[in-house]
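These numbers come from a predicted model, not from an experiment.
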Amino acid sequence: MGVDVCYTNHVDADQNTNDDLLMLLTSAGCNYFMGLPGGVDVMLGYQSTSYHDVASMRRLSRTAPAAGVRPMGGVGRYSDKWE
């Protein structure tokens, strides 16, 4: 299951709300999250998760990316070993 952890700029939410929801969804087993450069979609006016937020959750939960979204090798290759 994939989700976009986000909020629009006109609601009573902040980045802490996003981080809390991201942590809860990761704990619940969600394994695909949308990621935006800098976590901001300027055209649509909403805040989302960024690439480093998703990578941090993977590291904290000791999980790997979903099999369908793994890079094919080379630079940025994911490791199945967690140290």
- prompt: Any side-chain hydrogen bond (donor to acceptor under 3.5 Å, both in side chains) pairs touching residues 34-44, not counting sequence neighbours?
  reply: none

Atom of Gly39, atom of Ser50 and distance for their closest heavy-atom approach: N-CB, 3.5 Å

task: Name all residues meeting the side chain to side chain contact (heavy atoms under 4.5 Å, CB included) criterion together with Ser56; count only those two or more places apart in sequence or in a different chain, and write none if there are none.
output: none

message: Which residues end up grouped with Tyr46 if you chain together Ile, Leu, Val, Met, Phe, Trp and Tyr wherever their side-chain heavy atoms are less than 4.5 Å apart?
response: Leu36, Leu44

Over all atoms of both residues, closest heavy-atom pair of Tyr51 and Gly35: CE2-O, 3.2 Å

- request: Taking the side chain as every heavy atom from C-beta outward, state whether Val3 and Tyr32 have any atom pair closer than 4.5 Å.
  value: no

- request: For Val42, check side chain to side chain contact (heavy atoms under 4.5 Å, CB included) against everything at least two apart and list the hits.
  value: Val40

Can you give the donor-acceptor pairs under 3.5 Å from side chains of residues 18-29 to other protein atoms, not counting sequence neighbours?
| residue | atom | partner | partner atom | Å |
| --- | --- | --- | --- | --- |
| Asn18 | ND2 | Val5 | O | 3.4 |
| Thr26 | OG1 | Leu22 | O | 2.8 |
| Ser27 | OG | Met23 | O | 3.0 |

query: Quick check: does any side chain N or O of Asp4 sit under 3.5 Å from a backbone N or O of Met34, one acting as donor and the other as acceptor?
result: no

Side chains of Asp53 and Met57 in contact at under 4.5 Å (non-hydrogen atoms): no

- line: By side chain to side chain contact (heavy atoms under 4.5 Å, CB included), Asp12 pairs with (sequence neighbours left out) none

- line: Under a side-chain separation threshold of 4.5 Å, the hydrophobic residues clustered together with Val11 are Tyr7

field: Sequence-distant partners of Asn16, side-chain hydrogen bond (donor to acceptor under 3.5 Å, both in side chains), two or more places apart
entry: none

